[in-house]
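Beneath this line is the structure, given in structure tokens, with notes to follow.
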Amino acid sequence: MNESQIASAADKTSPLKAKKPFWKRWWFWLIVVIAVLAVAGIGTNTAKGPAAQTQSSQTSAPAESDDKAESAPSKPEADVPAEYANALKSAENYSDMMHMSRQAIYNQLTSEFDQFSAEAAQYAVDNLQADYNANALAKAGDYSDTMHMSRQGIYDQLTSEFDLFTAEEAQYAVDNLQADYNANALAKAGDYSDTMHMSRQGIYDQLTSEYGGKFTQEEADYAIAHLND
């Protein structure tokens, strides 16, 4: 066998030429690109899904709220007759402006002047938001300032059939009233002297009388001592 034949035989028995790896093939990368795009598309749709749902929910929320607001029943007004409501308003005026007691307000409402029914008057005093201790104190202040009454005289007036405060309310009033009873006794003594022309002894007796001024002896003594000052 000559050299050319040997070379030819060698060429025939040599290994086949190696093929390119699949990852170097163009079609492989085409598949990869398509897969990446597909995955990205799925991710985008997934991300948009919840957001779209949230936006939809947020958009529809006001409508749901409106439906609830419309369906919720409004709080009905109290089913109170007009006479009852008017009695309550009148009671408020008597309490705020005239500082009247609960019983006095009831009596005034059912009097010939106001002429409310007993039921309307009872509704009024039952529903009136009043501080009767404060009313008694205010009324006591009026008696002290304008009528120069003594402590006992004020208490008796508050619990009388005219004012009709309770004993507790009247006691609160005289305990908390800032009054100068010496000055009140002196002012009252001046009235007795100027309008009734009474003697000093008569003034003293009137000031300390249980049917008169009801001042203490010390207060009456102060008044007589300073009567001509």
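By the 4.5 Å heavy-atom criterion applied to side chains, L186 and N182 are not counted as neighbours. Side-chain atoms of S144 and M149, non-hydrogen and from C-beta on, never get closer than 4.5 Å to each other. Side-chain contact between F165 and Q103 is absent, with no heavy-atom pair separated by less than 4.5 Å.
In the model, Q217 has no side-chain atom that pairs as donor or acceptor with a side-chain atom of D221 under 3.5 Å. A donor atom on one side chain and an acceptor atom on the other are found under 3.5 Å apart for E219 and T216. For the residue pair T166 / E169, a side-chain donor-acceptor distance below 3.5 Å is found, with atom types taken as modelled.
Cluster annotation: L88 and M98 are assigned to the same hydrophobic cluster (Ile/Leu/Val/Met/Phe/Trp/Tyr, side-chain heavy-atom contacts under 4.5 Å, transitive). Y222 and L227 fall into different hydrophobic clusters, where Ile, Leu, Val, Met, Phe, Trp and Tyr are joined by side-chain heavy atoms under 4.5 Å apart, directly or via other members. Y181 and M147 end up in the same hydrophobic cluster when Ile, Leu, Val, Met, Phe, Trp and Tyr side chains are linked at under 4.5 Å. Linking Ile, Leu, Val, Met, Phe, Trp and Tyr whenever their side-chain heavy atoms come within less than 4.5 Å puts Y123 and M100 in one cluster. Grouping the Ile, Leu, Val, Met, Phe, Trp and Tyr side chains by contacts below 4.5 angstrom, directly or via other members, places L109 with V80.
In this structure, A189 and I203 approach most closely via the heavy-atom pair CB-CG2, 3.6 Å.
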### Message
Run H99 and D142 through side-chain contact (heavy atoms from CB on, under 4.5 Å) and show every step you take.
### Response
CA-CA 10 Å; H99 314 298; D142 292 340; 4.1 Å; yes
### Query
Would H226 and D229 satisfy side-chain contact (heavy atoms from CB on, under 4.5 Å), going step by step from the backbone distance to the final call?
CA-CA 5 Å; H226 296 85; D229 292 351; 2.7 Å; yes
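Checking side-chain atoms of S209 against main-chain N and O of D205 turns up no donor-acceptor pair under 3.5 Å. Side-chain atoms of S150 come within 3.5 Å of backbone N or O of K214 as a donor-acceptor pair. Looking at D114, its side chain never comes within 3.5 Å of a backbone N or O of F116 through a donor-acceptor pair. When atom types are taken as modelled, the side chain of Q115 and the backbone of E112 share a donor-acceptor pair closer than 3.5 angstrom.
Taken from OG in S95 to CD in Q129, the straight-line distance is 10.5 Å, to the nearest 0.5 Å. The OG1 atom of T208 lies 10.5 Å from the CZ atom of F215; values are rounded to the nearest 0.5 Å. We find the OH-CZ distance between Y155 and R151 to be 10.0 Å, quoted to the nearest 0.5 Å. Taking OG from S101 and OH from Y106, the interatomic distance works out to 13.5 Å, rounded to the nearest 0.5 Å.
Checking D163, L177, N184 one by one against Y143, the side chain to side chain contact (heavy atoms under 4.5 Å, CB included) holds for a single residue, D163.
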